[in-house]
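What you see is a predicted model; the values in this text were computed from it and never measured. So that the names make sense, note that chain A is the first sequence line, chain B the second, and so on, each numbered from 1.
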Amino acid sequence: MSVRVRFAPSPTGLLHVGALRDALHKFLLARHSGGTNILRIEDTDRTRYNADSEKEFIETLHWAGIDFDEGPHIGGPHAPYRQSVRKEKGIYAEWIQVLLSKGFAYKAFDTPEELAAMREQQTANKVNTGYFGGIWRDATPSQVAEAEAAGKTYVIRQRIPRDTTIVVEDLIRGRIEWDSNTVDDPVLIKTDGMPTYHFAAMVDDHIMGITHIMRGEEWISSAPKHVCLFEAFGWDKPVFVHCPVIVGNDGKKLSKRHGATRVLDYKAQGYLPHALKNFIALIGWSPGDEREAMTEAELIEAFDLSGMQPSPGKFDIDKLKWINGIHIRGVSASELVSVVLQYVCDEYVREYWTNFVEESPMPGKAPIVGTDVLAKLDKIASADSAYVASILPMLQERVVTLADFGDGAEFFFDDLPSMDQKAVDKWFKQEHVRGLFSRLLADIGRVPCSVESYDALLKQYQVDLSLEKLGPIVHPVRVALTGKTAGPGLFELMAVLGPDRMKVRLERALELCV
RNA sequence: GCUCCGGUCGUCUAGCGGUUCAGGACAUCGCCCUCUCACGGCGGAGAUCGAGGGUUCGAAUCCCUUCCGGAGUACCA
């Protein structure tokens, strides 16, 4: 039987990394096995539904390259894929009727106040809280008829069998058992007629032929209810896969104080979608061998549920940075420019940096201002594309995120880049430097503009000055040309800069040598 | 409180009764490469496998107990 899995978000907020991981697992499993990846919108909670949120989900998933074979946006054999629409079609009403008639569900007329009082009572007596029957589980038909006639509102609850053991076979954790007397009767249909997750998701999973119910481990305690539902209907049970969650450094659920949780913020910070996926896949899963950085195809090929870990994993930003660097280095020279340009021009990336301000990790140092980051990035976007194409590859192996290209490339675009004063103090005061600069100034016009010729030229200076090392030549020139002490290879950078740009900078440097 | 789940270097993990006084990766430290910074290469430090008992010739791996962490305990998902 072919694998069918579904990503079923409830559009109530931003798409964070935990949800992306959920979507990724299903995407990977479906693609690995040649199965079907389904998108289903679970919008049964009308009080929390948020249309912007749905837009956020679609945009994020699209960026991440996680696609679907069936869903509200593309249709499919089990349309509609939106639970609010399915409810209107009467799908849940039809199936709850089956349960009611078989005696696996019942109407309960308790008011919210009565339920609150019951819970209070249970807490005081230190017993399980929850609805284990109340007066309605075993009410007579005439009591129910009377309440209905009186116009009382009701919910429909699932009748969990008593005095038995409920077993959930979980693919990752194995057999999990519950004493059915510890499982309360969940609401299946709310007063407003909408189904709850417990009901809608299971009914849809069955109808849509879902083979693997993959979800976060926070669902484990509800799993016995779901198993009972399948048994009440007499349906074949899918495979339950309760995946470990991603937690913060303190072992608690990931939240804002652990850093960015919104997936789009990782996009804005300059992480490649595949790098994020590669990294997230590695939390709680391993291919079984020692591979870590993998291409998309390798990841799909390697993904297997047997490699899933039962324990929660922490989000280690350093490892994400490492893996992002690897994937940036893997971008071909022909694609690099468009990858960076697309990043710089992206609407959300710009919005993110425009509003970004963060205290510097070093006390006393200036805060990191997003608009500065953006300004540097914009220099790339507005420069001549051939020039940019010659610059970017030099930076490729020195960069961690796409945002770093802005800082790394800045000196190429400024006629007079800002100078690192400490570097000036260190190098420009040396005796040979003034002569070095004027000689270079004279030579750059007559020597070919190429890596080889500049290499030969500066090495000739070294010989002429009888210097033991190349450093005293290279370092001052680098500072004169770039304002910095670190960066791409000097000869390469000179060849890209060309004689005209170098001339202006060397003249300025000469003035600084006093 | 009750019910479940989890527990191998700081972090992500390999490990499925012996070939492991535990392998890889990130981070960290050192060396090499070298015009700098990176990249890359090599090496070091870092886990008595949460703890205590068993079972066994032999346990991180099986059993029991215990501790710690987490989740659920909604007419939210």
Checklist entry - Can you tell me how far P in C76(B) sits from the matching atom in G70(B), rounded to whole Å? => result 27 Å
Checklist outcome for this item: Sorted by chain and residue number, the side-chain hydrogen bond (donor to acceptor under 3.5 Å, both in side chains) partners of Gln83(A) (sequence neighbours excluded) come out as Glu42(A), Asp204(A)
Next on the checklist: As a test of reading the structure: which of G1(B), C37(B), A25(B) is closest to the side chain of Ala486(A), going by heavy atoms?
Outcome noted: C37(B)
Item to check | Protein-nucleotide distance (Trp219(A), atom CH2; A74(B), atom P), rounded to Å | outcome: 13 Å
Checklist entry - Quantified in whole Å, what is the C1' atom distance between nucleotide A74(B) and nucleotide U66(B)? => result 34 Å
Item to check | Parallel, tilted or perpendicular: rings of His198(A) and His226(A) (30°, 60°) | outcome: tilted
Checklist entry - Considering only C76(B), C39(B), U36(B), which nucleotide approaches the side chain of Glu397(A) most closely? => result C39(B)
Item to check | Residues Arg439(A), Asp464(A): salt bridge by 4.0 Å N-O rule | outcome: yes
Checklist entry - Over how many whole Å does the gap from Lys253(A) atom NZ to G72(B) atom P extend? => result 6 Å
Checklist entry - Between atom CZ in Phe109(A) and atom P in C75(B), what is the gap in whole Å? => result 16 Å
Next on the checklist: What is the distance, to the nearest angstrom, from the CZ atom on Phe279(A) to the C1' atom on A25(B)?
Outcome noted: 12 Å
Next on the checklist: In this structure, how many angstroms lie between the P atom of A74(B) and the CD atom of Glu218(A), rounded?
Outcome noted: 16 Å
Item to check | With sequence neighbours excluded, residues passing side-chain hydrogen bond (donor to acceptor under 3.5 Å, both in side chains) with Glu113(A) | outcome: Thr111(A)
Next on the checklist: Expressed as a whole number of angstroms, how long is the span from Asp316(A):CG to U11(B):C1'?
Outcome noted: 5 Å
Checklist entry - For U11(B), does either OP1 or OP2 sit under 4.0 Å from a side-chain N or O belonging to Lys321(A)? => result no
Next on the checklist: Using ring centroids (six-membered ring only for Trp), state whether Phe437(A) and Tyr461(A) fall under 6.0 Å.
Outcome noted: no
Checklist entry - Taking N and O atoms by type only, does the side chain of Arg478(A) place a donor or acceptor under 3.5 Å from a partner on the base of C35(B)? => result yes
Item to check | Same-atom distance (C1') from U55(B) to U19(B), integer angstrom | outcome: 24 Å
Item to check | Nucleotide paired to G40(B) in any strand shown, Watson-Crick or G-U, under 3.5 Å | outcome: C32(B)
Checklist entry - Ring centroid separation for Tyr154(A) and Phe109(A), is it under 6.0 angstrom? => result yes
Checklist entry - Do Arg398(A) side-chain and C39(B) base share a donor-acceptor contact under 3.5 Å? => result no
Checklist entry - Which residue pairs satisfy the side-chain hydrogen bond (donor to acceptor under 3.5 Å, both in side chains) criterion with at least one member in residues 470-488 of chain A, sequence neighbours excluded? => result none
Checklist entry - Do Glu492(A) and Tyr454(A) meet the criterion of a side-chain donor-acceptor pair at a distance under 3.5 Å? => result no
Checklist entry - Where the side chain of Lys314(A) is defined as all heavy atoms beyond and including C-beta, which of A77(B), G24(B), U11(B) is the nearest nucleotide? => result U11(B)
Each nucleotide N or O in nucleotides 3-9 of chain B that has a protein N or O under 3.5 Å away: list the pair and distance.
residue	atom	partner	partner atom	Å
U3(B)	O2'	Trp178(A)	NE1	3.3
C5(B)	O2'	Arg173(A)	NH1	2.5

Item to check | Parallel, tilted or perpendicular, as decided by the 30° and 60° cut-offs, for the rings of Phe315(A) and Phe279(A) | outcome: perpendicular
Next on the checklist: It should be established whether Arg291(A) places a side-chain nitrogen or oxygen under 4.0 Å from OP1 or OP2 of nucleotide A25(B).
Outcome noted: no
Checklist entry - Considering every strand shown, what is the Watson-Crick or G-U wobble mate of G69(B) when both distances are under 3.5 Å? => result C5(B)
Next on the checklist: Between Arg175(A) and Glu177(A), does any NZ, NE, NH1 or NH2 come within less than 4.0 Å of an OD or OE carboxylate oxygen?
Outcome noted: yes
Item to check | Candidate nucleotides A38(B), C75(B), C12(B), ranked by approach to the side chain of Lys319(A) - the nearest | outcome: C12(B)
Next on the checklist: So, does Lys469(A) get its side chain near the phosphate of U34(B), meaning an N or O under 4.0 Å from OP1 or OP2?
Outcome noted: no
Checklist entry - Across all strands, who's sitting opposite U61(B) as a Watson-Crick or G-U wobble pair, both distances under 3.5 Å? => result none
Checklist entry - With both distances kept under 3.5 Å, what pairs with A25(B), Watson-Crick or G-U wobble? => result U11(B)
Checklist outcome for this item: Here the residues of residues 43-57 of chain A within 4.0 Å heavy-atom distance, strictly under, of RNA chain B are Thr44(A), Asp45(A), Arg48(A)
Next on the checklist: Could you work out, with side-chain hydrogen bond (donor to acceptor under 3.5 Å, both in side chains) as the rule, every residue matching Asp289(A), not counting sequence neighbours?
Outcome noted: Arg291(A)
Next on the checklist: Expressed as a whole number of angstroms, how long is the span from Trp322(A):CH2 to G10(B):C1'?
Outcome noted: 17 Å
